[in-house]
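Letters A, B, ... are given to chains in the order of the sequence lines, protein chains preceding strands, and every chain is numbered from 1. Below, each value reflects all heavy atoms present in this structure, side chains not excepted, and no hydrogens, waters or symmetry copies.
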Number of protein chains: 2
Amino acid sequence: MPEKAFLPHIAYDSVIFGFSDGDLKILIMEYHNTGLFALPGGFVRADENLNDAVLRGLHERTGLTDIYLEQFYTFGDVSRFEPELMRTLLEANGIRPDEGYQWMLDRFISVAYYALINYEDVTPKPDALSDSCEWYPVNELPKLILDHRNIVEKAIQTLRDNLDRKLVGGNLLPKKFTMNELQNVYEAILGTKLRRTTFQRKMLAAEVLVRHEKLFSGKAHMAPYLYSFK
Amino acid sequence: MPEKAFLPHIAYDSVIFGFSDGDLKILIMEYHNTGLFALPGGFVRADENLNDAVLRGLHERTGLTDIYLEQFYTFGDVSRFEPELMRTLLEANGIRPDEGYQWMLDRFISVAYYALINYEDVTPKPDALSDSCEWYPVNELPKLILDHRNIVEKAIQTLRDNLDRKLVGGNLLPKKFTMNELQNVYEAILGTKLRRTTFQRKMLAAEVLVRHEKLFSGKAHMAPYLYSFK
DNA sequence: CCTTATTGTCTCAGTTTGTGACAATAGTAA
DNA sequence: TTACTATTGTCACAAACTGAGACAATAAGG
């Protein structure tokens with residue numbers, strides 16, 4: 001990792017949302033031998049678009065290429081600067097700062113993105129510095145380093161704000177889904193229960209859904225239609 | 001301007017909105033002896049919060065301290081990198097890159113903010129590299145350097161999206177204003193005419209306005225009330 | 001064939017929004 | 001003083017939208 005390969009002082013962090021078991025979840029990494037948890041993030045190559053750097057990182061973590069991705073804020077407070085913490089992370093990986101990693105101890109400004117992916121499509125992969133990369137329900141996050149907790153809060157807030165405006169919830173589901181599954185996603189994001197009939201009416205009126213065949217679950221009741229987004 | 005005073009590779013640009021003569025306007029700077037126009041921007045000191053750097057720059061350009069300011073996007077494409085352009089700017093000011101300004105020729109990622117200010121409160125001041133800092137209607141902008149045109153477009157789009165959600169239009173007016181003036185601001189931002197009675201009803205129902213005395217303009221008709229925001 | 005859980009649709013009331021009407025000014029002109 | 005004009009604050013009515021429940025139509029299982 002030669003110093004000049006990356007832009008110094010600039011990082012990105014990604015809040016990767018998934019949905020399973022009725023919970024909104026995000027991917028969290030745990031660093032080797034430290035018990036420290038953090039958002040997946042990375043650096044920008046000197047000849048690489050910022051957005052492409054994030055997509056590259058996301059691909060490495062999830063294996064996915066077509067990802068719904070949105071930049072939502074850039075965090076630039078001086079209080080982000082904690083060289084002792086970074087030194088701990090590096091040393092826990094047997095890396096000495098004087099081996100060309102000095103730049104990682106500098107102050108960083110971080111551009112934050114959130115991604116929406118289909119939980120089923122992914123087997124999370126840790127990076128070189130991490131033991132694990134795992135899903136955590138947003139209500140049961142471990143303590144995170146730096147201002148990462150703050151980043152998550154702002155990601156959720158932005159996602160809520162955009163939910164109706166951009167009708168973006170479907171990106172957390174498989175291509176085909178039932179109206180009830182879509183409603184569960186909305187409820188998990190908003191943190192409130194919604195009325196079934198009102199939700200269905202609003203979604204159908206938005207004219208963004210295509211109705212497909214019915215889904216027979218084997219249960220003793222009327223089978224729901226499957227839908228996909230146009 | 002010693003190199004280590006500022007974070008390299010990181011800049012900010014600000015889209016400073018004002019309102020006069022029925023037009024939405026922004027501040028544009030013209031660089032010395034070049035005919036090049038750009039958004040007001042600057043760099044972040046090594047020990048300064050990103051947001052504070054922007055407020056500092058805004059204060060230098062406008063003299064104002066209490067400013068409505070919002071970060072809206074960070075531009076990080078490689079295509080922003082145009083060292084010849086920056087060299088031209090520096091040389092037109094009699095500055096040689098080898099005098100400690102080499103870092104300004106590097107690739108920059110720019111965090112973009114928009115500000116809403118009261119046009120009447122401001123006498124724009126150019127910075128060291130500029131001949132002028134002047135208001136331009138958003139529909140009559142000169143050709144801007146780099147991706148600044150793009151930044152302006154995104155600022156306007158964000159402002160439109162936030163207009164109803166945050167009831168933010170009043171920041172472009174003096175403390176006290178008439179309902180008609182507020183409507184004119186909204187129309188200039190949205191680029192559409194609004195219905196007088198509907199607009200008035202919505203604003204009053206939002207319970208964010210305080211009604212004051214009437215404003216007598218000397219014209220031959222009923223005088224409107226003055227309002228301020230709570 | 002009867003029961004049960006869930007779904008798609010409809011209804012009805014309550015609320016919000018679009019649209020025009022209208023009286024109340026604050027001046028000017030006769 | 002008395003018309004006359006332009007603009008404002010408010011109301012009235014219809015249209016559209018939303019909340020809340022009702023209900024018939026399933027898809028199994030017993």
Side-chain angles (χ1 to χ4, degrees), chain A residues 19 21-22 160-161 163-167 169-170 173-230, chain B residues 19 21-22 160-161 163-167 169-170 173-230:
Chain A
F19 179 77
D21 294 332
R160 281 180 185 159
D161 289 347
L163 193 56
D164 276 0
R165 226 154 34 84
K166 306 191 177 181
L167 291 171
L173 291 171
K175 282 205 183 54
K176 290 187 180 178
F177 48 84
T178 66
M179 194 62 80
N180 193 24
E181 288 168 339
L182 186 59
Q183 182 176 343
N184 288 338
V185 168
Y186 272 66
E187 290 177 341
I189 293 174
L190 297 173
T192 60
K193 285 285 171 192
L194 300 175
R195 213 148 264 278
R196 184 178 66 89
T197 53
T198 309
F199 181 78
Q200 178 142 204
R201 179 170 55 190
K202 187 172 71 176
M203 279 301 155
L204 294 177
E207 301 200 4
V208 294
L209 297 180
V210 186
R211 179 177 282 184
H212 300 280
E213 73 279 8
K214 290 195 166 198
L215 172 69
F216 298 93
S217 61
K219 303 283 181 58
H221 56 71
M222 192 179 183
Y225 287 107
L226 285 170
Y227 294 90
S228 67
F229 278 87
K230 269 182 186 166
Chain B
F19 179 77
D21 296 330
R160 281 180 186 158
D161 290 346
L163 193 55
D164 276 0
R165 231 157 25 89
K166 306 190 177 182
L167 292 171
L173 290 171
K175 279 204 186 55
K176 290 186 180 179
F177 48 84
T178 67
M179 194 61 80
N180 192 25
E181 288 168 338
L182 186 59
Q183 183 176 341
N184 289 338
V185 168
Y186 271 67
E187 291 176 343
I189 293 174
L190 297 174
T192 60
K193 286 284 172 194
L194 300 175
R195 215 149 264 276
R196 184 179 65 90
T197 52
T198 309
F199 181 79
Q200 179 141 205
R201 179 171 53 189
K202 187 171 73 177
M203 279 300 154
L204 294 177
E207 302 200 3
V208 294
L209 297 180
V210 186
R211 180 178 281 183
H212 300 280
E213 73 279 9
K214 291 195 165 198
L215 171 69
F216 298 93
S217 63
K219 302 285 181 56
H221 54 73
M222 191 180 183
Y225 287 107
L226 286 169
Y227 295 89
S228 66
F229 278 87
K230 268 183 187 166

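- For A/Pro224, taking side-chain heavy atoms from C-beta onward, the closest of the listed nucleotides C/dT7, C/dA26, D/dG19 is C/dT7.
- At whole-Å resolution of the value, CG in A/Leu182 and C1' in C/dT7 are 15 Å apart.
- Closest to the side chain of A/Gln200, out of C/dA26, D/dT7, C/dT9, is C/dT9.
- Remark: B/Thr192 OG1 to B/Tyr186 OH distance equals 12.5 Å, nearest 0.5 Å.
- In this structure, B/Phe199 and B/Met179 approach most closely via the heavy-atom pair CE2-O, 3.9 Å.
- Whole-Å rounding puts the A/Phe199 CZ to C/dT7 C1' distance at 14 Å.
- A sub-4.0 Å separation between OP1 or OP2 of C/dT7 and a side-chain N or O of A/Lys214 is absent.
- Straight-line distance from the NZ atom of B/Lys219 to the P atom of C/dT28: 11 Å, rounded to whole Å.
- Under 4.0 angstrom from either OP1 or OP2 of C/dT19 there lies at least one side-chain N or O belonging to B/Arg195.
- Between the side chain of B/Arg201 and the base of D/dG9, no donor-acceptor pair under 3.5 Å is found.
- Under the 4.5 Å side-chain criterion, counting only non-hydrogen atoms from C-beta, B/Glu207 is in contact with B/Lys230.
- Contact check for A/Tyr227 versus A/Leu204: side-chain heavy atoms found under the 4.5 Å cut-off.
- Within 4.0 Å (heavy atoms only), B/Thr197 reaches at least one base atom of the nucleic acid.
- Here the P atom of nucleotide C/dT25 and the CG atom of B/Leu215 are 17 Å apart, to the nearest Å.
- Distance B/Tyr225 OH to D/dT8 P: 13 Å, rounded to the nearest Å.
- Nearest heavy atom pair, residue A/Ile189 against residue A/Arg160, reads O-NE, 2.7 Å.
- Listed candidates were D/dT5, C/dT6, D/dA27. Nearest to the side chain of A/Met222 is C/dT6.
- Nucleotides of DNA chain C nearest to B/Lys202 and B/Arg196 differ in position, and the one nearer the 5' end is that of B/Lys202.
- Separating the CD atom of A/Glu213 from the C1' atom of D/dA27 is a distance of 16 Å, rounded to the nearest angstrom.
- In this structure, B/Asn180 does not reach the D/dT7 phosphate: none of its side-chain N or O atoms is under 4.0 Å from OP1 or OP2.
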